[in-house]
Amino acid sequence: MTTVSPINKQSNELTAHKEEHADHRLFGLITFLIADGMTFAGFFAAYLTFKAVNPLLPDAVYELELPLPTLNTILLLVSSATFHKAGKALEKSNSKKCQYWLLITASLGIAFLISQMFEYFTLPFGLTDNLYASTFYALTGFHGLHVTLGAIMICIVWWQSRSPGGRVTASNRFPLEAAELYWHFVDGIWVVLFIILYLL
Amino acid sequence: MSISLPPSTKNNIEKLQPTGWLRYFSFSLDHKVIGIQYLVCGFIFYLIGGLLAGAIRIELTSPISDFMPREVYNQVLTLHGTIMIFLWIVPVVNGAFGNYLIPFYVGARDMAFPRLNAVAFWLIPPAGLLLISSYFINGAAQSGWTAYPPLSITTPAAGQIIWIISVLLLGGSSIFGGINFIATILKLRRPGLKLMQLPMYCWAMLGTSILVVLSTPVLAGTLILLSFDIVAHTGFFNPSLGGNVIVYQHLFWFYSHPAVYIMVLPAFGLVSEILPVHSRKPLFGYTTMVYSIMAIVALGLVVWAHHMFTSGTPPWMRLFFTIATAFIAVPTGIKFFNWVATLWGGRISLNSAILFSCGFIVNFVLGGITGVALAQVPFDVHVHDTYFVVAHFHYIVYGGSVFVIFSSIYHWYPKFTGKMLNEKIGKLHFAITFIGFNLCFAPQHWLGLNGMPRRVAEYDPQFAFVNQLSSIGALLMALSTLPFLWNVLYSIFKGEESGDNPWKALTPEWLTTSPPPVENWIGEAPLVTEPYGYGEKQARKASSKPNSDQ
Amino acid sequence: MPPKTGVYAILISLALIIACIWASNNLSLLPADASSNAPIYDELFNVLFVIGTILFVGMTGLVIYSLIQFRRKPGEEGDGLAIKDNLPLEILWTAVPAVVILFVGLYSYDIYERMGGMQTLNHDVHNQHSMSSEERLWGGIGTLKEDNAEIKEFPINVELTAMQFAFLFNYPKGEIISGELHVPVGQPVSMKMESKDVIHAFWVPEFRLKQDVIPGQPTILNFTPTKTGRYPIICAELCGPYHGGMRSTVVVEEPEEYDAWFQKNSKSTEVEL
Ligand code: HEA
Ligand code: HEA
Ligand code: CUA
Ligand SMILES: [Cu+2]
């Protein structure tokens, strides 16, 4: 991702005492995302086990409507692509274009959240109705929290890339790269979630 | 070989940091300060946890429940287990020694993320105080450190929720620490230093941190679900609402079995540092040690259900987990044989550090053997949830990890303070601890085999005598902390000056002043490619280059 | 190793093994055995005890020997030998524990099989207990292998209900509800267990059997008592403040005594055994 020449990298490493170098921060973020992914893995495992060993009575089983979640999936996937565009633009020092794509990404994320809310309100079951309902809300809710966080991060990055002396520039791309990585991660989780929760 | 470093530049952050003893109470970014903070904070929690253990042992001197109400007994044992694990062993073997030593070992001036590091530490005191305060607010959690539902859902909610919150905070601290260690070991290594030249403790911490990063989040997720059950009345783990209690157990042990290796792998690493120095021999079998750590990490992730042999798991699952669990003895055994081989033919200084390390070997082997027995389903069906299990894990966590912590304090105290500890008092400490420990926990094997379940405040009168023996042992252990405390506190002020390298050790932390300067080395960091280059045949030049000017 | 040391080592090991076997047979480390799987269990225990003691004493001996033999004597200078590794030795101490573990694993599998632990419980239990076909069992321990072939139907069927803080035993045949478990000696018992509130565990140390009693998930435990007497039933899973007081008794009696007890307490008169 980042292109640091070997020499540059080395001297960075040697002086990297009190500074948190971008390279390490990205590495740290990846480690964190692995950890975060394990939380989801735990939830998925719980959901699948519940489903396998605690079958619900037939009258408590709901068919989930597919159109809205499918739309959501598309929203998120597109937003990943637009974020990537923003990153590419920043690499080329085109900060106007970068901001443009960032805004689009953020709007897609927010659209996702709104549509998710909408789905919550139209669902025929509530949080405590039964095991299935609780797990459904726990999984989508926890994911929604991640999307919210991601949207906020995008907005911050956007803000910081606006002022010329801002912190997000072609030479300091770390905030954008971190947000982007996180966003792709959240998308990936959604795809798994979509398959497990809606399609299986 | 060594590359010259630019002269250290102290930046603004440091100038704002207090110096002197005050810095130990500040949001310091210095890894050494943070290490000491972890150590002292952990030790205070150890005293509290030990006080609670004392209360348990007093209650158990008589077969009836007379010392405290039954609910309080359950609260005490829950707090004891939680404090000892999450506030004493885990923060100290990982946080304290990890933060202090790892940057030295990789030749860096600090951890990869100093701020994250400080945050990780400062999560601990509030979480611990919160946990303990719950006892005074509305009664602490009383469903054991395992918090099995539905019991944890039906006992008073306030204590259980506070317990969950503080364990989540501590888990967060642990994850931040883990990320930091992985990044420091893999990314911050000084140029020219290869992975296979790192001191063994780095490998132990790398393995441990992998376990932390992979398993702690699962515990966090599980506890969040549990808190939903308590607060929002969902039914994940509540059978009366269609939930499944066994799923909780699987998720819980998916973390908590690896957690036992999180408590012991770093201790293995520390022993690997201490033994070669005091027996003046290279660490035996470095390469196999590295592989066995990684094998323990891998196996440790797939053995969790051995805590659930009586929970109605299907037969194939019991079989799989028996075999996987028992096989952990092989890589662990390699480490033990290697340590004995390290001692063999050495010039061993019989000081407190080596005594505690050898005490660790002996105790842990016994705990490990009872562990392998527990791993056999038919055996476990009789002794599960009895004092046999209590004996097993105290032999490992106390006889193992705590002995190693003491050994490490004797070994690194001169590094921390520039003063020596008194050896006579140290040996006295060892003797009382070793005798008290064995007197306390060895009889508990018999108790478990003969029918005393754990977590009870009242028991069959036929077990009274053996329980009293055990309580006497606990008293000795409590007494043994007195000489230790005196030694540690007195020596800070009046201890004999140690000089920079009293043990003539070769690992990098000794190749600077004691205590070390703010950025670890006044000049350049030495390149230590042979941290265990002791031994007669090899002239002791090694390839390390100590600081010439200090 | 000089030959003399080798001879000593072998002699000491032999003495150790003999002492262990003697100890495992003569020290009473376990309570009385009162069920047909208790002797099988004790066999496993003895084997593990011997292996464990040898390992423990051996390792401790090595450590103490090294500490004494290789200690730094006053005035001594210099280092130990610079031996870094020794491949054959390391292979040896990887292989030996691996073999021991493999042996222990296979052996305990065999023991477990004989205890009836590897049986699928669902099918042989369905018609014995009052269960709807939807209901699902969650394991536990089946019948002893030796007995298994002959048993078509269990002579004694009991249903255990655990609650805070008591065990209740229900004999569906005689509509008996009892706080104590009565069973005749020598006859296979099948017990279906379910909890009303939290997790409990049914444990009889003299039977060497334990099974959790889980709310919402019935479990099964089959056993054959072999010695008459009164043995404690202990709840072994933390279940609340009075967990320590949650105990009961299993009364193993001669068949005639059992019949008498059964007739006396039975509510339905047409029952006969
Ligand atoms: C640091 C902590 C720690 C460590 C390292 C271990 C290590 C091991 N533990 Fe332990 N264990 C606990 C802490 C720990 N345990 C705790 C806290 C509990 C109770 C939890 C609760 O319920 O509250 C528990 C419970 C527990 C159980 C469940 C018991 C029950 O509740 O019924 C089991 C069962 O398999 C088990 C097995 C093992 C095994 C096989 C090892 C192995 O890793 C040990 C391997 C080591 C050796 C074997 C010794 C050295 C090897 C040799 C000298 C080689 C030769 C040896 C042989 C060939 C045998 N442990
Ligand atoms: C991880 C580390 C750890 C450590 C170090 C210890 C240390 C000790 N433990 Fe602990 N124990 C656990 C972890 C640990 N324990 C766990 C996880 C459980 C299971 C909990 C559960 O079931 O949920 C448990 C349960 C447990 C039980 C079983 C309770 C029951 O099931 O009913 C018992 C009983 O004897 C016991 C005893 C002791 C004793 C005597 C010590 C001694 O070694 C302690 C010695 C130390 C001291 C005595 C400190 C000295 C200090 C003072 C006396 C105070 C002085 C005060 C000031 C100066 C202010 N422990
Ligand atoms: Cu019921 Cu403990
Ligand atoms: Cu375990």
Side-chain angles (χ1 to χ4, degrees), chain B residues 70-71 74 144 148 150-151 154 239 245 279-282 284-285 288 310-315 322-323 326-327 329-330 333-334 337 340 343-350 358 361-362 365-366 369 373 376-379 381-382 384-385 449-451 453 455-459 534-538, chain C residues 29-31 41 44 48 52 55-56 59-60 62-63 66-67 70-72 76 78-82 84-85 90 93-94 97-98 101 104-105 108-109 111-112 115 117-118 138-140 198-199 201 205 208-212 214-217 219 232 234 236-245:
Chain B
R70 294 173 173 82
E71 301 80 15
N74 287 353
Y148 276 11
L151 183 63
T154 52
V245 296
S279 49
R280 311 307 301 170
K281 272 191 64 199
F284 196 89
T288 44
T310 66
S311 304
T313 41
T322 287
I323 303 286
F327 260 100
V330 176
I334 293 175
F337 294 122
V340 173
L343 291 172
W344 194 268
R347 280 278 163 81
I348 306 170
S349 320
L350 279 183
C358 291
I361 297 181
V362 170
V365 167
L366 184 52
I369 288 168
Q376 314 303 322
V377 206
F379 184 86
V381 163
H382 176 48
H384 170 68
D385 260 334
L449 286 169
N450 282 276
R455 297 169 166 177
V456 294
E458 54 211 312
Y459 55 86
Y534 310 101
E536 281 289 272
K537 260 179 271 167
Q538 241 166 337
Chain C
L29 291 169
L30 287 162
Y41 181 93
L44 172 69
L48 291 178
L55 266 171
F56 175 66
M59 284 297 274
T60 310
L62 278 177
V63 170
S66 316
L67 284 185
F70 303 114
R71 74 181 185 283
R72 180 182 296 269
E76 233 173 15
D79 282 9
L81 297 168
K84 281 193 186 152
D85 43 20
E90 288 178 71
W93 62 52
T94 312
I101 290 296
V104 169
S108 78
Y109 171 78
I111 293 275
Y112 198 46
M115 280 189 179
M118 297 304 293
W138 290 84
V198 301
I199 308 176
R208 314 280 192 274
L209 278 182
K210 184 183 289 112
Q211 176 57 48
D212 284 7
I214 304 165
Q217 308 190 359
T219 45
I234 301 166
E237 183 70 54
L238 179 63
C239 54
Y242 288 85
H243 161 59

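Side chains included, hydrogens not; waters and symmetry mates left out as well; all remaining heavy atoms used. Reminder, nothing fancy here: chain letters follow the sequence lines and each chain counts from 1.
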Trainee: Which atom names give the shortest non-hydrogen contact between C:S66 and B:W344, and what distance separates them?
Mentor: OG-CE3, 3.7 Å
Trainee: Calculate, to the nearest 0.5 Å, the distance between atoms CD1 and OH belonging to C:I214 and B:Y148 respectively.
Mentor: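 The CD1 atom of C:I214 sits 10.0 Å away from the OH atom of B:Y148.
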Trainee: Looking at C:L29 and B:N450, what are the two nearest heavy atoms and their distance?
Mentor: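 Smallest heavy-atom distance, with atoms named: O-ND2, 3.1 Å.
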Trainee: What part of B:I369 gets closer than 4.5 Å to chain C, counting heavy atoms only: side chain, backbone, both or neither?
Mentor: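 The side chain, not the backbone.
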Trainee: Any heavy-atom pair between the side chains of B:V362 and C:M59 that's under 4.5 Å?
Mentor: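 Sidechains of B:V362 and C:M59: no contact.
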Trainee: Heavy-atom pairs under 4.5 Å with chain C are the metric here; pick the option from B:P150, B:S349, B:P453 that has the most.
Mentor: B:P150
Trainee: Measure the CG-SG distance between C:L62 and B:C358 for me, rounded to the nearest 0.5 Å.
Mentor: 11.5 Å
Trainee: Is it the side chain or the backbone of C:I199 that comes within 4.5 Å of chain B heavy atoms, both, or neither?
Mentor: both
Trainee: Under the criterion side-chain contact (heavy atoms from CB on, under 4.5 Å), I'd like the reasoning laid out for C:R72 against B:I348: C-alpha separation, chi angles, the key distance, then a yes or no.
Mentor: CA-CA 5 Å; C:R72 180 182 296 269; B:I348 306 170; 5.9 Å; no
Trainee: With chain B as the partner, which of C:A201, C:A236, C:G245 has the greatest number of non-hydrogen pairs under 4.5 Å?
Mentor: C:A236
Trainee: Under a 4.5 Å heavy-atom cut-off, does chain C meet the side chain of B:L449, its backbone, both or neither?
Mentor: both
Trainee: Is C:L30 in contact with chain B via its backbone, its side chain, both, or neither, using a 4.5 Å heavy-atom distance?
Mentor: both
Trainee: Of all of B:G345, B:A326, B:P239, which one pairs up most often with chain C through heavy atoms under 4.5 Å apart?
Mentor: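 The residue among B:G345, B:A326, B:P239 with the greatest pair count is B:G345.
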Trainee: Which bit of B:L151 comes within less than 4.5 Å of chain C, counting heavy atoms only: side chain, backbone, both or neither?
Mentor: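 Answer is both: backbone and side chain atoms of B:L151 are under 4.5 Å from chain C.
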Trainee: Backbone N or O of C:S108 within a donor-acceptor pair of the B:Q376 side chain at under 3.5 Å?
Mentor: no
Trainee: Mind listing the closest non-hydrogen atom pair of C:I234 and B:G451 along with its distance?
Mentor: CD1-O, 3.4 Å
Trainee: For a quick test of reading the model, state the closest non-hydrogen atom pair linking B:G312 to C:T219 and the distance between them.
Mentor: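 Smallest heavy-atom distance, with atoms named: CA-CG2, 4.4 Å.
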Trainee: Evaluate the side-chain proximity of B:L343 to C:F70: yes if any heavy-atom separation is below 4.5 Å, no if none is.
Mentor: no
Trainee: Select one option (side chain, backbone, both, neither) describing which atoms of C:L44 are under 4.5 Å from chain B's heavy atoms.
Mentor: side chain
Trainee: Take C:E90 and B:T288, measure what side-chain hydrogen bond (donor to acceptor under 3.5 Å, both in side chains) needs, and give me the verdict at the end.
Mentor: CA-CA 8 Å; C:E90 288 178 71; B:T288 44; 2.3 Å; yes
Trainee: Are the side chain of C:K210 and the backbone of B:H384 linked by a donor-acceptor contact shorter than 3.5 Å?
Mentor: yes
Trainee: Tell me, for C:Y41 versus chain B, whether the close heavy atoms (under 4.5 Å) come from the side chain, the backbone, both or neither.
Mentor: side chain
Trainee: How many angstroms lie between atom CG of B:L366 and atom OG1 of C:T60, to the nearest 0.5 angstrom?
Mentor: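 Spacing of CG (B:L366) from OG1 (C:T60) equals 8.0 Å.
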Trainee: Heavy-atom distance under 4.5 Å to chain B: side chain of C:L238, backbone, both or neither?
Mentor: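 For C:L238, heavy atoms of backbone and side chain both lie under 4.5 Å from chain B.
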Trainee: Got a second to check how far C:Y112's OH is from B:T322's OG1, nearest 0.5 Å?
Mentor: 8.0 Å
Trainee: Among all residues two or more places apart in sequence or in another chain, which pass the salt bridge (Lys or Arg N to Asp or Glu O under 4.0 Å) test with C:R208?
Mentor: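 Expected list: C:D42.
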Trainee: Identify which part of B:N74 has an atom lying under 4.5 Å from any heavy atom of chain C, answering side chain, backbone, both or neither.
Mentor: side chain
Trainee: Just so I know, are the side chains of C:Y109 and B:P378 near enough to count as touching, which here means a heavy-atom distance under 4.5 Å?
Mentor: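 Heavy-atom side-chain distance check fails, nothing below 4.5 Å.
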Trainee: Could you tell me which residues satisfy salt bridge (Lys or Arg N to Asp or Glu O under 4.0 Å) with B:E458, sequence neighbours excluded, listed by chain and number?
Mentor: B:R70
Trainee: Measuring from B:R455:CZ to C:E237:CD, what's the distance to the nearest 0.5 Å?
Mentor: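 Here the interatomic distance stands at 7.0 Å.
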Trainee: If you round to the nearest 0.5 Å, how far is CG of C:L209 from NE2 of B:H382?
Mentor: 10.0 Å
Trainee: Compare every heavy atom of B:S311 with every heavy atom of C:Q211, then report the nearest pair and how far apart it is.
Mentor: NE2-C, 4.2 Å
